[in-house]
Amino acid sequence: MPILGQNQYGKAENRVVRITRDGATHHIKDLNVSVALSGDMDEVHLSGSNAHVLPTDTTKNTVYAFAKEHGIESAEQFGIHLARHFVTSQPAIHRARIRIEEYSWERIAHSGKGAHSFVRAGRETRLAQITYDGSAWEVVSGLKDLTVMNSTHSEFWGYVKDRYTTLPEAHDRILATDVSGRWRFNWTDDEQPAPAWDTSYEQVKRHMLEAFAETYSLSLQQTLYAMGARIIDHRGEIDEVRFSLPNKHHFLVDLGPFGLENDTADGAVYFAADRPYGLIEATVLRDDAEARIPADLTNL
Ligand SMILES: O=c1[nH]c(=O)c2[nH]c(=O)[nH]c2[nH]1
């Protein structure tokens with residue numbers, strides 16, 4: 001008989017919005033929460049008995065009920081609360097993985113009739129993945145779609161040249177990317193105090209942006225390492241960082257046919273290509289830490 005391999009189930013992409021009121025000033029939490037549970041689930045696959053199955057519909061209801069009853073302090077804290085609930089309340093469920101995307105909203109009006117108008121902040125999406133097996137926690141936070149650009153202080157030269165190489169060496173180029181990053185906390189144990197999730201997120205983002213801005217770049221690979229190393233050096237709660245950085249190429253347009261010189265001096269005109277793009281990916285680890293974030297971040 002064929003063997004049943006790894007399996008998990010739950011409700012994916014529960015969109016939950018919670019509004020808190022502070023007098024006339026409102027606050028929004030806007031999450032996309034995916035639940036994946038695993039445990040003693042052989043029978044439902046093999047014989048069709050649902051005796052161990054907490055319906056995915058119930059996992060959806062739990063997300064909404066927890067948002068109401070317990071609030072959403074941070075994505076990580078909310079995920080921890082849910083994961084603990086599924087693993088400790090259901091004997092057949094041994095592992096819970098909660099993935100959360102968080103969308104941010106900016107206030108339009110601070111005064112007047114009430115601060116209840118918002119515009120979706122078009123910057124990055126915040127990410128969190130919480131995994132619990134009844135004894136150890138793994139929390140990986142992250143972000144995606146954080147678009148950044150350096151308009152100079154980027155070069156790329158001295159690379160291998162073979163018979164197919166046509167790329168001209170660049171001593172002054174644009175460096176642009178959409179940052180997708182994940183970082184793993186070394187907090188695993190309920191007995192230890194959990195990190196301050198929101199502060200940690202803001203500080204990690206600050207360090208990665210400062211490293212991007214301040215690194216005089218000889219390659220996107222070098223910039224990536226500098227971003228990860230800055231986080232590891234400054235944030236003791238984090239042991240591992242992984243980035244996936246598309247190199248959003250900007251090519252100087254050849255305007256020679258029109259009698260126009262176009263170099264990187266003032267007024268340079270570029271073609272912003274959307275594809276293909278170089279894709280630079282790497283993990284930066286604390287000394288002795290284990291690499292646990294998957295190589296392909298689309299799998300996280
Ligand atoms: O920063 C870069 N790294 C590369 O590996 C590479 N390859 C390439 O064609 N352009 C670039 N830029």
Side-chain angles (χ1 to χ4, degrees), residues 122-125 127 140-184 204-235 238 240-257 260-287 289 291-300:
R123 295 240 299 219
E124 83 276 9
T125 299
L127 306 170
V140 177
S141 296
L143 56 74
K144 63 178 182 180
D145 301 329
L146 181 64
T147 303
V148 291
M149 176 190 285
N150 284 325
S151 55
T152 187
H153 286 196
S154 168
E155 306 189 18
F156 188 66
W157 48 269
Y159 41 78
V160 172
K161 292 165 191 88
D162 70 6
R163 61 185 288 229
Y164 302 112
T165 303
T166 56
L167 183 75
E169 297 200 327
H171 295 274
D172 186 1
R173 66 173 187 174
I174 285 177
L175 188 68
T177 188
D178 301 324
V179 180
S180 177
R182 308 288 187 277
W183 46 94
R184 184 172 54 79
V204 167
K205 191 170 79 174
R206 181 172 71 82
H207 286 298
M208 82 171 64
L209 289 175
E210 284 178 6
F212 177 81
E214 290 167 16
T215 302
Y216 190 108
S217 177
L218 297 177
S219 65
L220 184 51
Q221 287 90 329
Q222 185 196 23
T223 295
L224 181 157
Y225 177 79
M227 291 163 69
R230 181 89 66 116
I231 294 166
I232 296 293
D233 283 343
H234 287 84
R235 302 305 307 178
I238 291 160
E240 180 184 6
V241 182
R242 186 165 179 86
F243 285 115
S244 177
L245 302 181
N247 192 354
K248 294 167 65 103
H249 303 300
H250 289 69
F251 299 111
L252 274 170
V253 182
D254 177 9
L255 298 176
L260 298 169
E261 213 174 290
N262 189 34
D263 58 25
T264 55
D266 190 35
V269 173
Y270 296 86
F271 165 59
D274 69 336
R275 65 190 77 169
Y277 48 88
L279 187 59
I280 309 301
E281 305 180 293
T283 297
V284 182
L285 287 164
R286 191 172 298 290
D287 204 12
R292 296 176 59 88
I293 300 175
D296 186 352
L297 292 188
T298 58
N299 291 329
L300 185 84

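Both ligands and their constituent atoms are indexed starting at 1 by order of listing.
For the 3.5 Å distance criterion, the side chains of Y159 and E169 fail to qualify, holding no donor opposite an acceptor.
Ligand-side atoms of ligand 1 in range of N247: 1 (O), 2 (C), 11 (C), 12 (N), range being under 4.0 angstrom from any heavy atom. Below 4.0 Å from some heavy atom of R173 lie the following atoms of ligand 1, by number and element: 1 (O), 2 (C), 11 (C), 12 (N). Applying the 4.0 Å criterion to heavy atoms of L220 picks out, from ligand 1, the atoms 1 (O), 2 (C). Set against the non-hydrogen atoms of Q221, the atoms of ligand 1 under 4.0 Å away are 1 (O), 2 (C), 3 (N), 4 (C), 5 (O).
Residues N150 and T223 have side chains not in contact (no heavy-atom distance under 4.5 Å, counting atoms from C-beta outward). Considering only heavy atoms from C-beta on, L260 stays 4.5 Å or farther from N262 through its side chain. Taking 4.5 Å as the limit, some side-chain heavy atom of F243 sits within range of a side-chain heavy atom of M208. With a 4.5 Å cut-off on side-chain heavy atoms, V179 and M227 count as touching. Between K205 and L146, the closest side-chain pair of non-hydrogen atoms falls below 4.5 Å.
If you check which protein heavy atom lies closest to atom 9 (O) of ligand 1, you get L167 CD2, 3.5 Å.
For ligand 1, the polar-atom distance check finds no N/O of S219 at less than 3.5 Å from any of the ligand's N/O atoms. On a distance-only criterion, F156 and ligand 1 share no N/O pair closer than 3.5 Å. Polar contact check, H249 against ligand 1: no nitrogen or oxygen pair lies under 3.5 Å apart.
Between H250 and Y270, the angle of the ring planes goes over 60°, which puts this pair in the perpendicular group of the 30/60° scheme.
Using 4.0 Å as the threshold, E155 has no heavy atom nearer than that to any atom of ligand 1.
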